[in-house]
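I have placed the structure first, in the form of structure tokens, so that the comments after it can refer back to it.
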Amino acid sequence: MEELTTFQRIYEVVKEIPYGKVATYGQVAALAGNRHLAKVVGYALHVNPNPVIIPCYRVVNAKGEVSKAFAFGGVNRQIELLEKEGVQFLEDGSVDMEVSRWAKLVF
DNA sequence: GACCTGACCAATT
DNA sequence: TAATTGGCCAGGT
């Protein structure tokens, strides 16, 4: 029952991303268990079984860039949603990881 | 039933 | 400095 698969763990972490913050694939992967799961995180979001509870748009790569294969209605839409949430973007069009990066406190 | 791919990241050569 | 490989999981062919 409590046997959460890596995918489930990834979803749990992604769902914990707070409003106005973003997390990187590597960070989510690390919180899910192993940082090597970064690729799995991308695939997990790709299958995105619950786009309603899983804010994939809050997950960006290490460069702060959103996925080009965004499946919500357009990459620009994703950026716009983040911008409305208070996420700061750079002139490069990427997320300001220095400010909007999700600081997950683990105890 | 097995092999390959996929929205990645970081270290190494 | 840049390019390549290694690592993990699940789904599709």
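Nothing here was measured: the structure is a model prediction, and the numbers come from that model. Order of the sequence lines sets the chain letters (A, B, ...), proteins ahead of strands, with each chain counted from 1.
Of the two residues contacting DNA chain B, namely Val59(A) and Arg35(A), the nearest-nucleotide position lying further toward the 5' end is that of Val59(A). When each of Ala38(A) and Val47(A) is assigned the nucleotide of DNA chain C bearing its nearest heavy atom, the one mapping closer to the 5' terminus is Ala38(A).
Across dA7(B), dG7(C), dC9(C), the shortest atom-to-atom separation from the side chain of Val40(A) is found for dC9(C). When the nucleotides dG6(B), dA7(B), dC8(B) are ranked by their closest atom to the side chain of Leu45(A), dA7(B) comes out on top. Closest to the His46(A) side chain, of the nucleotides dA10(C), dA7(B), dC8(B), is dA7(B). Of the candidates dC8(B), dC9(C), dG6(B), dG6(B) carries the atom nearest the Tyr43(A) side chain, counting heavy atoms from C-beta on. Closest to the Leu37(A) side chain, of the nucleotides dA7(B), dA10(C), dC9(C), is dC9(C).
Within the 4.5 Å cutoff, no side-chain heavy atoms of Val22(A) are placed close to those of Ile17(A). Taking 4.5 Å as the limit, every side-chain heavy atom of Thr24(A) sits out of range of all side-chain heavy atoms of Val28(A).
In this structure, the CD atom of Gln78(A) is 10 Å from the C1' atom of dA7(B), given to the nearest Å. Going from atom CD of Gln8(A) over to atom P of dC8(C) covers 21 Å, rounded to whole Å. Taking atom CZ of residue Arg9(A) and atom C1' of nucleotide dC8(C), one finds them 12 Å apart after rounding to whole Å. Between the C1' atom of dC9(C) and the CG atom of Leu4(A) lies a distance of 15 Å, rounded to the nearest Å. Remark: P of dC8(C) and CD of Gln27(A) are 21 Å apart, rounded to the nearest angstrom. For Tyr11(A) and dA10(C), the OH to P distance is 10 Å, given to the nearest whole Å. Across the protein-nucleic acid pair, Phe7(A) atom CZ and dC9(C) atom P stand 10 Å apart, rounded to whole Å. Atom NZ of Lys39(A) is separated from atom C1' of dT5(B) by 8 Å (rounded to the nearest Å).
Rounded to whole Å, the C1' atom of dA7(B) lies 24 Å from the corresponding atom of dA2(C). dC4(B) and dT5(C) are spaced 16 Å apart, taking the P atom of each and rounding to whole Å.
The two residues Pro49(A) and Tyr11(A) make their nearest non-hydrogen contact at CD-OH, 3.3 Å.
At a threshold of 4.0 angstrom between heavy atoms, the contacts of Asn61(A) are confined to the sugar-phosphate backbone, with no base atom among them.
Salt bridge Glu85(A)/Arg58(A): present, at least one basic N to carboxylate O contact under 4.0 Å. Between Glu12(A) and Arg9(A) there is no salt bridge, since none of the side-chain N atoms of the basic residue sits less than 4.0 Å from a carboxylate O of the acidic one.
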